[in-house]
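Here is how names work: the chains are called A, B, and so on, in the same order as the sequence lines, proteins then strands, and each is numbered from 1.
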Amino acid sequence: MLSAQNPVECPAGFLFVPQSRIVMVWEPNRLEVDRLERVQALEARNIEPFPARVQRTHTAAQAVAAYEAQEALGEAAAPVEVTVCGRIRRVNLKGKVSFMHIEDETARVQLFLRVNELGDATYDLVKDKLIDSDDFVQASGTMMRTQAGEISVRASSLTLLAKSLSPLPVIKRQELEDGSVVEYGEFTDVEARYRQRYADLAVNQNVRAVFQKRAKVMQALRQFFDARGFLEVETPILQPVYGGAAARPFITHHNQLDQDLYLRISFELYLKRLLVGGFDAVYEIGRDFRNEGVSFKHNTEFTMLEFYKAYIDYQDVMELTEQFVSHTAQQVNGTMQTTWRGHAIDFTPPWKRITMRDAIREETGIDYMDYRKRDALETVMRERGITVKPGQPWGKLVEHLLGESVEPKLIQPTIIMDYPRDISPFAKRVAYDDLHVERFEFYIAGMEMGNAFTELNDPRDQEARFLEMATTFRQGDDDETPLDEDYLRAMRYGMPPNGGFGMGIDRLVMLLTDQDSIRDVLLYPHLRAEQK
RNA sequence: GGCUCCGUAGCUCAAUUGGCAGAGCAGUUGACUCUUAAUCAAUAGGUUGAAGGUUCGAGUCCUUCCGGAGUCACCA
């Protein structure tokens, strides 16, 4: 409610409150004007359009199930009395008898409205459309089947619960004999759907299903890690020093403390400090923020899963990864197979494992170990027609080579292991040379899904890596990794050997729900400000 | 950020070579006591994303801006 002083009503329907940020710009269209007039008509009949109290006894699904149970018992069973609530999704006025479909989260159920049973006063509300499509209502009555066979509530009372002032897009549904549903009318404009997700959800059942499935993914993940003794923790989103990934951060400011802070780009360094503190296994599911471009697989903020476990290495993490991903698929979809963008994908372990060197060699014929200086590698890459940004370190070139030539072909789950050291400041060196570390990433459907290491726990080497990063990347580079003095202090107390892992959950949800874009698995994807 | 495409009624879409902005659904009025994409009759609805320009005439051509999508760059 507006409480500011001296609001000004402008001619076009604008409301502007001087010295404030309150500007209401709603200009009702003619459909909305109709509904506003009906609110007044309701109030003229002393009917509250937004009452506070509700008496629901059954969800729509429970009401239908109760009637089916009654039918199964035969004639002897007592009639089923219900009070159901929901949004009106279809109205069919037929003179002195009418039908409505109301919908709650569980189901749709039909209301059978007859003037004899409802009474003139209530029936007139329906007939005059004072109770109309998109409104929330409560109906009480006995469950029945119509002559056409549809289970319905024979309403003896009907109460408005909340008036809808703006009509939703109309989508008509036809249930075919085989049980499938055909929809007529659409709400498909992607910008409108993202900006007004509430309307999208209200009319597009399949969109609701995506987010119900997303919640199941979260449940399955927590179930998996909880059952294996991992402690779920929460670490700071606002951080004085960011780190743990190669990404550009958002910067914000604490006024009272006069302190610049970064929104986290990963949880890594805070989680590993907890292993120093004595927790053997921790995980966190939360939001990361990266100040970078967006695409079908990148959103400005996204949901990350990271876990760290003491006394295991990256080989063990590979196994855990195969297990929790396949477990999640099984829990959510009841199968380890899925289809994404027409690709049949099978999460069943074990997955293909191959070193980065072998993967690149198999695909391109290039053995990058023949080119251990960055200039030499850059030259051979350019000869193959791969565009290379100048000034990249050797490891970046290797990674780029993988991304260009191998990554798009990794449709089935594949683990690529042993990454270049100079782009992996938190992973332990391999035993066999000084150019690689015990790190793997796994790929599905041509997308990078997750990243894991045998975590570096030698504070002397960690310090050297921070310094290496500082010389490899110029300050201000996107990949700059700031030295975290407190993290080194923690590590000096002693950190158990451990394996760690991180992945963007949104991409897994994309795969499991067959959605083409990350925006379709985020309720509120990041968009530019809407301008008026 | 570069390039390409898109923006028309509440929703989904038309509009010939630059020549009167249209349809379905929704809406409004009326009829109908078992409908279900209900049906029947009548009817209303537009600053074509915004601002400029070319032209006798612009939804259509040009410029700039806003927003979205795709793609590249960047990036997990």
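Not a single donor-acceptor pair, N or O on each side, falls under 3.5 Å between the base of B:U36 and the side chain of A:Arg89. Side-chain to base pairing of A:Glu175 with B:U36: no donor and acceptor N or O lie closer than 3.5 Å to each other. Residue-to-nucleotide contacts include a donor-acceptor pair under 3.5 Å from the side chain of A:Asn116 to the base of B:U33. Remark: the A:Thr146 side chain and the B:U35 base include a donor-acceptor N/O pair separated by less than 3.5 Å.
Residues A:Tyr194 and A:Asp520 form a side-chain contact, since some pair of their non-hydrogen atoms from C-beta on lies under 4.5 Å apart. Looking only at side-chain heavy atoms (C-beta outward), A:Pro525 and A:Arg197 come within less than 4.5 Å of each other.
Summarising the geometry, the separation between NE2 on A:His400 and P on B:C75 is reported as 10 Å, rounded to the nearest angstrom. Rounding to whole angstrom units, CZ of residue A:Arg528 and C1' of B:G1 are separated by 10 Å. Rounded to whole angstrom, the span from the NZ atom of A:Lys389 across to the C1' atom of B:C72 amounts to 14 Å. As a whole-Å value, the separation of A:Phe112 CZ from B:A38 P is 17 Å. If you measure from atom CG of A:Asp134 to atom C1' of B:C25, you get 14 Å, rounded to the nearest angstrom. Straight-line distance from the NZ atom of A:Lys396 to the P atom of B:A73: 13 Å, rounded to whole Å. Distance NE2 (A:His526) to C1' (B:G67): 14 Å, rounded to an integer number of Å. At whole-Å resolution of the value, CE in A:Met447 and P in B:C75 are 19 Å apart.
Distance check on atom P: B:U8 versus B:C13 gives 9 Å, rounded to whole Å. Between B:C40 and B:A26, the two P atoms lie 11 Å apart (nearest whole Å). The separation of B:G18 from B:C56, taken at their C1' atoms, amounts to 12 Å, rounded to a whole angstrom. Nucleotides B:G10 and B:C66 have their P atoms positioned 25 Å apart, rounded to a whole Å. Across B:G45 and B:C5, the matching C1' atoms stand 30 Å from one another, rounded to whole Å. Taking atom C1' on both nucleotides, B:U60 is separated from B:A21 by 12 Å, rounded to a whole Å. Across the C1' atoms, B:U55 and B:C61 are found 10 Å apart, a figure rounded to whole Å. Here, B:G46 and B:A9 have their C1' atoms 6 Å apart, quoted to the whole Å.
Side-chain atoms of A:Arg30 lie closest to B:A26 of the nucleotides B:C32, B:C34, B:A26. Among B:A38, B:C34, B:U28, the nucleotide with an atom closest to any side-chain atom of A:Arg154 is B:C34. Closest approach to the A:Glu292 side chain among B:U29, B:C75, B:U36 is made by B:C75 (side chain taken as heavy atoms from C-beta onward). Checking B:A37, B:A26, B:C34 against the side-chain heavy atoms of A:Gln174 singles out B:A37 as nearest. When distances are taken from the side chain of A:Phe99 to each of B:G68, B:U12, B:U35, the shortest belongs to B:U35. If you check B:G10, B:C34, B:U36 against the side chain of A:Leu31, the one that comes closest is B:G10. Counting only heavy atoms from C-beta on, A:Val190 has its side chain closest to B:G68 among B:G68, B:U12, B:C34. Listed nucleotides: B:A44, B:U29, B:U36. Nearest to the side chain of A:Arg38: B:U29. In this structure, the nucleotide among B:U35, B:G10, B:U28 sitting nearest to the side chain of A:Asn92 is B:U35.
In terms of position along RNA chain B, the nucleotide closest to A:Gly149 lies nearer the 5' end than the nucleotide closest to the other residue of the pair A:Gly504 and A:Gly149. Checking A:Asp34 against A:Ser517, the closest nucleotide of RNA chain B that is more toward the 5' end is the one next to A:Asp34.
Side-chain N/O atoms of A:Arg108 include none lying less than 4.0 angstrom from OP1 or OP2 on B:U36. OP1 and OP2 of B:G68 both lie 4.0 Å or more from every side-chain N or O belonging to A:Arg193. Taking 4.0 angstrom as the limit, A:Lys129 places a side-chain polar atom (N or O) nearer than this to OP1 or OP2 of B:G27. Contact between the side-chain N/O atoms of A:Arg114 and the OP1/OP2 oxygens of B:C34 is not found at any separation under 4.0 Å. At B:A38, one or more side-chain N or O atoms of A:Lys172 fall inside 4.0 Å of OP1 or OP2 (strictly under the cut-off). Side-chain nitrogen and oxygen atoms of A:Arg519 include at least one within less than 4.0 Å of the OP1 or OP2 phosphate oxygen of B:A69. Phosphate proximity of B:U36 to A:Arg173: absent, as no side-chain N or O sits under 4.0 Å from OP1 or OP2.
Residue A:Val182 is classed as having no contact, given no heavy-atom separation below 4.0 Å to the nucleic acid. At the heavy-atom level, A:Glu32 lies nowhere under 4.0 Å from the strands shown. Using a 4.0 Å heavy-atom criterion, one finds that A:Tyr184 contacts the bases of the nucleic acid, with or without backbone contacts as well. Residue-level contact check: A:Leu527 touches the backbone only, with heavy atoms under 4.0 Å from sugar-phosphate atoms and none from bases. When heavy atoms are screened at a 4.0 angstrom cut-off, A:Tyr443 is found touching base atoms of the nucleic acid. No contact: A:Ser295 has no heavy atom under 4.0 Å from any strand. A:Asn29 comes within 4.0 angstrom of sugar-phosphate atoms only, judged by non-hydrogen atoms across all strands, and of no base.
Under 4.0 Å is where a charged nitrogen must lie from a carboxylate oxygen, and between A:Arg173 and A:Glu183 at least one such pair does. Classification of A:Glu117 and A:Arg154 as a salt-bridged pair holds, one side-chain N sitting under 4.0 Å from a carboxylate O. The residues A:Glu292 and A:Arg248 are annotated as not salt-bridged, no charged nitrogen and carboxylate oxygen being separated by less than 4.0 angstrom.
Summarising the base pairing, B:G24 is matched to B:C11 through a Watson-Crick or G-U wobble pair whose two defining distances lie under 3.5 Å. Pairing of B:G70, defined by two Watson-Crick or G-U wobble distances under 3.5 Å, is identified with B:C3. In a base pair of the Watson-Crick type (N1 to N3 plus N6-O4 or O6-N4) or a G-U wobble (N1-O2 and O6-N3), with each distance short of 3.5 Å, B:C34 is matched with no nucleotide. The pairing partner recorded for B:G18 is none, the criterion being a Watson-Crick or G-U wobble arrangement whose two distances lie under 3.5 angstrom. Taking a pair to require two hydrogen-bonding distances under 3.5 Å in either a Watson-Crick or a G-U wobble arrangement, B:C65 pairs with B:G49.
Once rounded to the nearest 0.5 Å, the distance linking CD of A:Gln239 with CZ of A:Phe289 reads 10.5 Å.
No hydrogens or angles considered: a donor-acceptor pair under 3.5 Å links the side chains of A:Ser166 and A:Glu32. In this model, no donor atom of one side chain and acceptor atom of the other lie less than 3.5 Å apart for A:Ser140 and A:Glu81.
For the ring pair (Phe, Tyr, Trp, His ring centres under 6.0 Å) criterion with A:Phe225, the lone passing option out of A:Tyr283, A:Tyr308, A:Phe501 is A:Tyr283. Checked against A:Arg145 for a salt bridge (charged side-chain N to carboxylate O under 4.0 Å, His left out), the options A:Glu150, A:Glu71, A:Glu68 give a single hit: A:Glu71.
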